[in-house]
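Working notes, beginning with the structure itself.
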Amino acid sequence: MRRAGCDENNLDMSDVMCDFCGAEWTLDRPMVEGHRGACICGPCLSIAYTELVMLGTNAAPAGYECRLCLERKADPAWSSPLFDGVHACRQCVKRSAGVLHKDPDIPWRKPDAPGTP
Ligand SMILES: [Zn+2]
Ligand SMILES: [Zn+2]
């Protein structure tokens with residue numbers, strides 16, 4: 001999300017905040033952007049990826065709308081621990097994790113599968 005009142009044509013890193021935890025974008029907190037300025041940060045993505053993709057947890061209510069792709073999905077989704085009604089569908093979590101994982105300038109990596117050293 002964008003900080004309220006920010007200048008859309010002259011954005012600062014600190015004007016960009018994670019929709020799921022509210023943290024600002026910083027050099028050691030990478031962000032992946034979805035539709036309409038929605039963002040998910042690396043730390044949230046680590047939790048989302050672990051719970052949703054590796055453990056198969058589904059915390060979202062039926063008929064939820066994904067914050068990142070704005071679609072209503074029947075897929076499992078991860079829900080923000082802080083904000084009510086903010087969900088990320090499995091497809092977006094996987095896609096976002098892939099984006100960060102592949103970027104050589106960003107040290108974020110997909111969490112290891114349980115049991116791997
Ligand atoms: Zn976050
Ligand atoms: Zn989505």
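One-based numbering, in listed order, for ligands and for the atoms of each. Throughout, numbering of the chain's residues begins at 1 and tracks the sequence.
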For D19 and F83, run side-chain contact (heavy atoms from CB on, under 4.5 Å): C-alpha distance rounded to whole Å, both residues' side-chain angles, the deciding distance at 0.1 Å, then the answer. CA-CA 8 Å; D19 281 63; F83 305 120; over 6 Å; no
Among R95, H35, Q91, find the residue that satisfies the side chain to side chain contact (heavy atoms under 4.5 Å, CB included) test when tested with C69. H35
Angle at the Zn ion (ligand 1) (to 10°), with one arm to SG of C21 and the other to SG of C18: 110°
Report the C-alpha distance between L100 and V32 in whole Å, list the side-chain angles of each, state the deciding distance to 0.1 Å, and finish with yes or no for side-chain contact (heavy atoms from CB on, under 4.5 Å). CA-CA 7 Å; L100 285 190; V32 181; 3.5 Å; yes
Within C39, is some N, O or S atom less than 2.8 Å away from the Zn ion (ligand 1)? no
Charged N to carboxylate O below 4.0 Å: is that the case for E8 and R2? yes
Could you please compute the angle at the Zn ion (ligand 2) from SG of C92 to SG of C89, rounded to 10°? 100°
